2 protein chains.
Amino acid sequence: MSTTNIKEVAQRARVSVGTVSNVLNRPEIVSPATRKRVFDAIRELGFVRNEVARHLRVGRSRTVGLIVLDVANPFFADVAQGADALADEHDTMVVLCNSAADPARELRHLDQLEQQRVMGILITPVDASSPRLAELAARGTPVVLVDSAATGLQCSVAVDDRLGGHIAGVHLIERGHRKILFVGGPRSIKQVGDRHLGIMSAVSEARDTEPGGGVEPGGGPGGGVELVAWFMPALSVTHGRIAGERVAALPVEERPTAAFCANDLLALGFLQAMAAHGLRVPHDMAIVGYDDIDFAAAATVPLSSVGQPRELLGRTAIDLLLEEVAEPELHRHRQVIFQPDLVVRQSSDLHRSPP
Amino acid sequence: MSTTNIKEVAQRARVSVGTVSNVLNRPEIVSPATRKRVFDAIRELGFVRNEVARHLRVGRSRTVGLIVLDVANPFFADVAQGADALADEHDTMVVLCNSAADPARELRHLDQLEQQRVMGILITPVDASSPRLAELAARGTPVVLVDSAATGLQCSVAVDDRLGGHIAGVHLIERGHRKILFVGGPRSIKQVGDRHLGIMSAVSEARDTEPGGGVEPGGGPGGGVELVAWFMPALSVTHGRIAGERVAALPVEERPTAAFCANDLLALGFLQAMAAHGLRVPHDMAIVGYDDIDFAAAATVPLSSVGQPRELLGRTAIDLLLEEVAEPELHRHRQVIFQPDLVVRQSSDLHRSPP
DNA sequence: TGATCTTTTTGAATCGACTCAAGACACCGA
DNA sequence: TCGGTGTCTTGAGTCGATTCAAAAAGATCA
């Protein structure tokens, strides 16, 4: 162990421990000569300040926990990067934890972070209404919900997922699709539900305004728009592929002509399955993903996707947290909501598709 | 702050602090009746053990730092996932830090982790020979190099990058390419250099064994294999695209017929640029990437790539670290090296390409 | 030179949990 | 009733850095 402590430094520099502490924390109040002796001793002994002891004494940590649903999802990597960047400017460390959308893992991480008395926790919860989150806040660890709206008990940053789903739905309907598949993840994930609600609302609006038929070729004979939803067990490339294979196996007349996937990983897997089964995208099957991760643009067929300000989500979350920590009394919880925007690429754009 | 401490619990349960500590750490030595009283008090007060104080006293943390070059690169996400999984089994927490290939950021993270007295550090260093790493180990924080071979001063897990580069080179040469471009990242990154050396060795072997001409159509008129190397400032999709654009701008006769990219992000960007400039892959330009991330298979043209056992790297690193921590005396540093393997997909496979 | 004010330095108390030698207690047989 | 044997419980001391009232050292001026 790095066993050199402040006491040894004090001895070698022939000063008291109080002075060493002052050099470390408020060097300007120490006389230059003494300061130099202490710095020399520190260097000679290779002293490294024990942050654990410091933290115990001052009671406040410079560490923030960030719990995400899936570290391997570039969406969260970008959120983390945004958070990290801003935290860094405030000399604060972000520790990234992966819940893998598993409530038990999430709970373990929450326990660990609370036990470590972190400054606060940013979390994309598996279940935002879990009493655990309220307890944390009540016991003094501020929590900011990320990519998930809070209800006033804590701060949150999110993107309007219903709007995102709606935009995607409107887009596909405008392109003439009359039988649409929604490929979701676990129902327990709020984002999945909201995106589903969003496309549902787009579909029902379409039914209301144009009861008789479609505006463009490709509409079904009866005119009404049909929406089917599948909820896969995970928001992963693998489960997207599984969904795609299931779709490909359907008889043509039952098969939807477009799929809206709850995230880009699902969409990429779905796309792979289409290619594997000889279905052309977007001609036989249009696809719209969600998150607009960098890989979406680089897919087999460049993927249309509902984009979110990923890094900004992370930055804003840190910002809210620092604000709360700085003035716990004055602080009013806020819910920041960003707008998603659809990036149309080839996977849903019939005009650019091969004949 | 969560201000309830062991003393309050002791008061409420009408026992001493020692007994509460025993309940927490060695419940079996406490009589069932007392144990229950203590557990009740803990529950009623919402007591959460202060890991900071515990750590200060026992001197050993249950946290491991993992510093990677780029959190947004799925390769590292997978390594992290592997590490996390094994650490979890040993009731240990992995905190993920991003150096973004910046030595200053790396240093800051190393400082922070050492100050926090973590159990150990897994790192993919920007510069493996940095004296800082040796200092850390000397002062008692074990270090395991990840994806980078050590020289006996510490443990390491790596994949043979020269072999990987060699395999990729041999593959491209066999496919008849006689003018090959190596797209690297910063020269300072060891992996980039090794992969370059690998393909260089493949090229020079090809020159030696077949000085007069190629084995397959497509060889240059003079027969020799030519290798050009570009070193981009980052291993990112963006810089891959920039490299691709630069290549596309070359006159056909000067343009290489194949590119070996130092990682898949570069390769995906490069691929996008080809598509944007109407160059067909693999017909006009074959591409081989590195890492075989999940997105490689889902690219515009499925990407050939040199695969690495990503999660195994992470697991093994944790394994080595835990071994060292468990028996610091007996421990002998080990260098574990895995073999890469080439996954051939459409991007480098002329036989499946369009006429 | 002594009084007064300012700048530095000191060191014991503190944060919260853990350790362990020592004490309290229960039970048994004589 | 007493000593012996195990089983539980106790609480002062400890980990390392910070704090802050108080002491010491230095500076200034009459």
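Remember, it's a predicted structure, so these values are computed and weren't measured experimentally. Numbered from 1 within each chain, the chains take letters A, B, ... in sequence-line order. Only heavy atoms go into these numbers, but all of them, side chains included; no hydrogens, no water, no symmetry mates.
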> Which residues in residues 34-42 of chain B have at least one heavy atom lying under 4.0 Å from any atom of DNA chain D?
Replying inline: Thr34(B)
>> Restricting to salt bridge (Lys or Arg N to Asp or Glu O under 4.0 Å), what partner residues turn up for Lys36(A), sequence neighbours left out?
In response: Asp40(A)
>> Could you tell me how far apart Glu28(A) (CD) and dT8(C) (C1') are, to the nearest whole angstrom?
In response: 13 Å
>> Holding to salt bridge (Lys or Arg N to Asp or Glu O under 4.0 Å), I want the full list of residues that pass it with Asp319(B), two or more places apart in sequence or in another chain.
In response: none
> Taking only residues two or more places apart in sequence, or in another chain, which ones meet Val17(A) in a side chain to side chain contact (heavy atoms under 4.5 Å, CB included)?
Replying inline: Ile6(A), Lys7(A), Ala10(A)
> What is the distance, rounded to the nearest whole Å, between atom CZ of Arg14(B) and atom C1' of dC8(D)?
Replying inline: 18 Å
> So which pairs with a foot in residues 89-98 of chain B pass salt bridge (charged side-chain N to carboxylate O under 4.0 Å, His left out), sequence neighbours left out?
Replying inline: Glu89(B)-Arg315(B)
> Does anything in residues 11-22 of chain A pair up under salt bridge (charged side-chain N to carboxylate O under 4.0 Å, His left out), and if so which pairs, sequence neighbours excluded?
Replying inline: Arg12(A)-Glu44(A)
>> Can you list everything that forms a ring-ring contact (aromatic ring centres under 6.0 Å, His included) with His331(A)? Sequence neighbours excluded, please.
In response: His333(A)
> Quick one: salt bridge (Lys or Arg N to Asp or Glu O under 4.0 Å) partners of Glu324(A), sequence neighbours excluded?
Replying inline: none
>> Going by salt bridge (charged side-chain N to carboxylate O under 4.0 Å, His left out), name the pairs with one or both residues in residues 62-71 of chain B, residues two or more places apart or in two chains.
In response: none
> Closest heavy-atom contact between Val325(B) and Pro142(B)?
Replying inline: CG2-CG, 4.1 Å
> If we fit an axis to the first five pairs and another to the last five of the helix from dT1(C)-dA30(D) to dA30(C)-dT1(D), what angle do they make, to the nearest 10°?
Replying inline: 60°
>> Please enumerate all residues that pass salt bridge (Lys or Arg N to Asp or Glu O under 4.0 Å) together with Asp78(B), with sequence neighbours excluded.
In response: Arg310(B)
>> Using a 4.0 Å heavy-atom cut-off to protein, can you give one letter per nucleotide of nucleotides 12-19 of chain D, 5' to 3': B if the base is in contact, S if only the sugar-phosphate is, - if neither?
In response: -BBBBBBB
> Any side-chain N or O of Ser31(B) under 4.0 Å from OP1/OP2 of dT9(D)?
Replying inline: yes
>> Does dT10(C) have its OP1 or OP2 closer than 4.0 Å to a side-chain nitrogen or oxygen of Thr19(A)?
In response: yes
